[in-house]
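Just so it is clear, the values below take in all heavy atoms, side chains as well, and ignore hydrogens, waters and symmetry mates.
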Amino acid sequence: MHRLNAWLRGHPLVVDGGWALLVLSFVALSAIDYQNSLLPVAAFGLTLGGLMVVRRRWPNATVVAALVLGLAQVLLNVPPDASSIAYLVFVYTGAAFGAAWASRLALAGGLAAGPLTYLRFQGDADQHGSTTKAVFYAVLLSTPFILCWAWGRLTRVRRAYLVELEDRAARLERERDAQAKVAVAAERARIARELHDVVAHNVSVMIVQADGAAYVLDNSPQQAKEALGTIASTGRQALVEMRRLLGVLRTSDAAGEYLPQPSVEELPDLLDQVRTAGLPVEFTSTGEVRELPRGVELTVYRIVQEALTNVRKHGGPGASARVAVDFGDRDLNVLIEDDGRGATDEKLAHGGVDGLGHGLIGMRERIGMVSGSLDVGPRPGGGFRIRAVLPLKTGK
């Protein structure tokens with residue numbers, strides 16, 4: 001039923017054509033009852049049917065034409081028949097689709113329709129009737145027109161309300177998309193600034209090793225060979241970081257000092273800070289701890305930092321968290337979970353927007369920079385869980 005209603009709203013000409021066919025069928029039925037006045041009745045009926053088809057395309061002209069046609073029917077003493085129901089539709093059309101003056105004209109025509117119809121077609125037959133009776137029948141005949149006009153006004157108000165809602169929804173969606181793009185751009189700029197330190201560190205190591213190799217090349221060839229091996233491995237790592245940096249957009253006038261970025265080794269200090277702030281945190285590390293690429297270390301640190309910050313904000317009183325880092329052969333698994341209140345579905349659906357922060361958006365950007373994967377969601381037993389998997393082996 002909903003689909004049919006939507007289809008009919010999208011094809012108004014079909015609806016109006018149906019009304020026109022209904023009016024024409026009434027004209028055909030009236031031909032039997034008004035054999036002596038068949039020509040004028042048919043002429044008025046056909047005209048009403050034609051106006052019915054174009055009533056939404058030209059509502060103002062249709063209201064004026066219907067009013068003129070109704071007055072002509074009264075003046076020419078053409079009795080109303082079943083096709084006169086079209087006048088109710090025209091009153092509705094003026095109120096729902098016409099201009100303000102056309103709506104007022106439709107209302108005036110509807111108010112006058114009852115008295116004029118009664119006086120013209122019933123007054124002579126009821127000359128001895130009381131005034132009260134005449135007023136009663138006049139009001140009774142005008143009531144359907146007033147109801148149709150009120151229905152049209154209600155339709156106009158409802159249509160304007162729906163248009164406003166659609167416009168507001170579209171505007172909010174545009175604003176949300178713009179905010180998300182701004183958040184992503186800002187996060188990419190921060191990631192670019194952080195990767196600058198990673199690349200600068202690797203290049204500095206290569207320069208130091210190259211200077212050392214040149215210094216000991218004649219006296220200690222073995223040390224020079226080891227230095228060259230270090231330069232090769234560091235260069236490959238720097239190349240990988242540079243590839244990750246490609247595609248990250250940042251403004252050319254980005255300012256600010258480039259400070260050394262934290263690493264996995266500084267996680268205990270971060271957890272001590274969080275505990276001091278009042279959030280109990282349990283930390284476990286499994287697997288063979290080894291040196292990681294700077295980009296991976298930085299990503300791990302930032303993810304843990306953001307996740308614990310979210311726990312403090314949204315976990316509620318009495319919440320506690322657990323951080324687990326697992327060094328696998330090929331992957332580094334980071335798990336942060338808490339037993340607090342968790343996050344709402346709206347935050348998950350819109351990227352984790354949190355006040356002025358964009359936590360989950362930033363996490364996804366960071367994970368994408370190191371070709372990892374991120375899984376976030378509520379825990380089965382309550383609370384929230386964030387699991388990140390970061391590859392440790394990359395192609396040369």
Quiz prompt | Heavy-atom side-chain proximity of V325 to F283 below 4.5 angstrom | solution = yes
Practice problem: Taking all non-hydrogen atoms of both residues into account, name the closest pair between L374 and A388 and its distance. | Solution: CD1-CB, 4.1 Å
Practice problem: If the plane angle is over 60° it's perpendicular, under 30° parallel, otherwise tilted; pick one for Y118 and Y137. | Solution: parallel
Exercise. For residues A213 and A224, report the shortest heavy-atom separation together with the two atoms involved.
Key: O-CB, 3.9 Å
Self-check item: Smallest separation among heavy atoms of A307 and I336, with atom names
Solution: CB-CG2, 3.7 Å
Quiz item: Considering all heavy atoms of both residues, which atom of T62 and which atom of V54 are nearest to each other, and what is their separation?
Solution: OG1-O, 3.6 Å
Practice problem: To the nearest 0.5 Å, tell me how far D167 CG sits from L162 CG. | Solution: 12.5 Å
Quiz item: Do R322 and E337 meet the salt-bridge criterion of a basic N to acidic O distance under 4.0 Å?
Solution: yes
Quiz item: What distance do E164 atom CD and E166 atom CD have between them, rounded to the nearest 0.5 Å?
Solution: 10.5 Å
Quiz item: CZ of R57: more than 12 outside heavy atoms within 6.0 angstrom?
Solution: no
Self-check item: Note, W151 side chain near L147 side chain (heavy atom, < 4.5 Å)
Solution: no
Quiz item: Does any non-hydrogen side-chain atom of L392 lie less than 4.5 Å from one of R290?
Solution: yes
Quiz item: Are V389 and I386 linked, directly or through other ILVMFWY residues, by side chains that come within less than 4.5 angstrom of each other?
Solution: no
Practice problem: May I have the step-by-step check of side chain to side chain contact (heavy atoms under 4.5 Å, CB included) for L267 and V300, ending in yes or no? | Solution: CA-CA 9 Å; L267 280 180; V300 172; 4.2 Å; yes
Quiz item: Which pair of non-hydrogen atoms, one from V289 and one from S285, has the smallest distance, and what is that distance?
Solution: CG2-OG, 4.0 Å
Self-check item: Evaluation steps, side chain to side chain contact (heavy atoms under 4.5 Å, CB included), between L71 and L116
Solution: CA-CA 9 Å; L71 292 175; L116 290 177; 4.1 Å; yes
Quiz item: Are V74 and L67 grouped together when hydrophobic residues (ILVMFWY) are joined by side-chain heavy atoms under 4.5 angstrom apart?
Solution: no
Self-check item: Salt-bridge criterion met for R174 and D177 (N-O under 4.0 Å)
Solution: no
Exercise. Decide yes or no on side chain to side chain contact (heavy atoms under 4.5 Å, CB included) for Y87 and V91, but give the supporting numbers first.
Key: CA-CA 6 Å; Y87 291 114; V91 171; 5.7 Å; no
Quiz item: Do Q179 and R176 have side-chain atoms, one donor and one acceptor, less than 3.5 Å apart?
Solution: no
Self-check item: CZ/R171: more than 12 non-hydrogen atoms of other groups inside 6.0 Å
Solution: yes
Self-check item: Side chain R387, main chain N333, donor-acceptor under 3.5 Å
Solution: no
Quiz item: Could you state the interatomic distance from SG (C148) to CD1 (I85), rounded to the nearest 0.5 Å?
Solution: 8.0 Å
Quiz item: Between F327 and Y301, is there a shared hydrophobic cluster once you connect ILVMFWY residues whose side-chain heavy atoms come closer than 4.5 Å?
Solution: yes
Quiz item: Quick one: does W149's side chain get under 4.5 Å of S103's, heavy atoms only?
Solution: yes
Quiz item: In Å and rounded to the nearest 0.5 Å, what is the CG to CG distance from L107 to L111?
Solution: 4.5 Å
Quiz item: Counting N and O atoms only, with roles assigned by atom type, does the side chain of D339 sit under 3.5 Å from a partner on the main chain of S320, one being a donor and the other an acceptor?
Solution: yes
Quiz item: Going hydrophobic residue to hydrophobic residue with side-chain gaps under 4.5 angstrom, can you get from L88 over to M52?
Solution: yes
Exercise. Answer yes if I303 and V376 sit in the same cluster of Ile, Leu, Val, Met, Phe, Trp and Tyr residues linked by side chain heavy atoms under 4.5 Å apart, and no otherwise.
Key: yes
Quiz prompt | CG on L332 to CG on L390, rounded to 0.5 Å | solution = 5.5 Å
Quiz prompt | Nearest-0.5 Å distance, CD1 of residue I367 to CZ of residue R302 | solution = 14.0 Å
Quiz item: Which heavy atom in N60 sits nearest to a heavy atom in A102, and how many Å separate them?
Solution: OD1-CB, 3.2 Å
Quiz item: Given T299 and V334, is the side chain to side chain contact (heavy atoms under 4.5 Å, CB included) satisfied, shown in steps?
Solution: CA-CA 10 Å; T299 299; V334 182; over 6 Å; no
Self-check item: Check: D326 and L335 side chains under 4.5 Å, non-hydrogen atoms
Solution: no
Exercise. Give a yes or no answer on whether the side chain of R55 reaches the backbone of F90 with a donor-acceptor pair at less than 3.5 Å.
Key: no
